[in-house]
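These notes are about the structure you will find just below.
Each chain gets a letter, A, B and so on, in the order its sequence line appears, and its residues count up from 1.
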Amino acid sequence: MTAEEERELYAELVLQCAESVPRGRVTTYGAIADVVGERLGRGGPRLVGNVMATHGAAVPWWRVVRADGSLPPSHGEEARQAYLEEGTPLRASGSVDLSLAFWQPGLRAE
DNA sequence: GTTATGACTATGG
DNA sequence: GCCATAGCCATAA
C-alpha cells in the first residue's frame, strides 16, 4: 500500500467516526485518534485535525470538537448555528457540554 | 537530517 | 473554564 493510499484510508476511518456521531451529539479529536490509531497502529489528534482540514467538508465536522468542548475560533460561529438546530447542549461560553453530549465514536466494521 | 507548522492534548496557574 | 507551556505525530520545505 502506498503512502498516499494509507493517508486516504486513515482519512476514511476518521470520516467514518465523524459520520457515526448522531444528531445532537459530539465527539473529540482525541477520541477519534484513539479509535483510528488502534485500528491502523498510528495516530495522534493532530493527524485527525489534518484530515478534518482536508476532508472535513464531506462530514458533519461541527460534531467533532476539542477535548475541552470548544471549537477553533475560525469555525465556532458556523458550528454554533448547527448546535442550535440539532439541540446540542451548549454552555454559556459557547462551548459544548461534553458531560452530556460526548459520543464515543466507532468504525462500521471491526 | 533539521526546522517549522497544524481544525490537538495534558498539566499547571 | 481559559491562558501559557511542553509534548506528540506526520507532512512540507
### Query
Quick one: A:Arg66 CZ to B:dA7 P, roughly how many Å, whole number?
11 Å
### Query
Does A:Tyr83 reach the main-chain N or O of A:Gly24 with its side chain, forming a donor-acceptor pair under 3.5 Å?
no
### Task
Confirm from the modelled atom types if A:Arg46 and B:dC8 form a donor-acceptor pair under 3.5 Å, side chain to base only.
yes
### Query
Watson-Crick or G-U wobble partner for C:dC3, using a 3.5 Å limit on both distances?
B:dG12
### Task
May I have the distance from A:His55 (atom NE2) to C:dT11 (atom C1'), rounded to whole angstrom?
13 Å
### Task
Please check if A:Val96 and A:Tyr29 belong to a single hydrophobic cluster, counting links between Ile, Leu, Val, Met, Phe, Trp and Tyr side chain heavy atoms closer than 4.5 Å.
yes
### Whole-Å gap separating C1' (B:dC8) and CD1 (A:Ile32)
12 Å
### Summary
A:Arg91 atom CZ is separated from C:dC2 atom C1', nearest whole Å, by 12 Å
### Task
Could you check how far CG of A:Leu47 sits from P of C:dA12, rounded to whole Å?
12 Å
### Query
What is the distance from CG of A:Asp34 to P of B:dC8, rounded to the nearest Å?
17 Å
### Message
What's A:Gly43 touching, base or sugar-phosphate or nothing? Going by heavy atoms closer than 4.0 Å.
### Response
sugar-phosphate
### Query
If you check every side-chain atom of A:Ser93, which of B:dC8, C:dG1, B:dT9 has the closest atom?
C:dG1
### Query
Which residue, A:Pro45 or A:Asn50, contacts DNA chain C at a nucleotide closer to its 5' end, judged by nearest heavy atom?
A:Pro45
#### Entry: Any donor-acceptor pair under 3.5 Å from A:Thr28 side chain to A:Val65 backbone
no
### Pair A:Arg42 + A:Glu6: basic N to acidic O under 4.0 Å
yes
### Query
If you check the A:Ser95 side chain, which of B:dG6, B:dT9, C:dC2 turns out closest?
C:dC2
### Query
CG of A:Leu98 versus C1' of C:dG1: gap in Å, rounded?
12 Å
### Query
Across all strands shown, which nucleotide pairs with B:dT5 by Watson-Crick or G-U wobble geometry, both distances under 3.5 Å?
C:dA10
### Summary
Regarding the side chain of A:Trp61, the nearest nucleotide among B:dT9, B:dA7, C:dA10 is B:dA7
### Message
Using a strict threshold of under 4.0 Å (side-chain N to carboxylate O), is an ion pair present between A:Glu85 and A:Arg23?
### Response
no
### Message
Heavy atoms within less than 4.0 Å of DNA chain B: which residues of residues 5-19 of chain A have one? Give them sorted by number.
### Response
none
### Task
Give one of base, sugar-phosphate or nothing for A:Ala53, where a contact means two heavy atoms less than 4.0 Å apart.
base
### Task
Indicate yes or no: does A:Arg63 engage A:Glu19 in a salt bridge with an N to O separation below 4.0 Å.
no
### Message
Distance check needed: C:dC9 C1' versus A:Leu40 CG, whole Å only.
### Response
14 Å
### Query
Does A:Val14 share a hydrophobic cluster with A:Leu107, counting links as ILVMFWY side-chain heavy atoms below 4.5 Å and allowing steps through other members?
yes
### Task
From the options B:dT9, C:dG1, B:dG6, select the nucleotide whose nearest atom is closest to the side chain of A:Tyr29.
B:dT9
### Query
Quick check: does any side chain N or O of A:Ser95 sit under 3.5 Å from a backbone N or O of A:Arg91, one acting as donor and the other as acceptor?
no
### Message
Please give the distance between the C1' atoms of C:dA13 and B:dA7 as a whole number of Å.
### Response
22 Å
### Task
Would you mind telling me which of C:dC2, B:dA7, B:dA10 lies closest to the side-chain atoms of A:Met52?
B:dA7
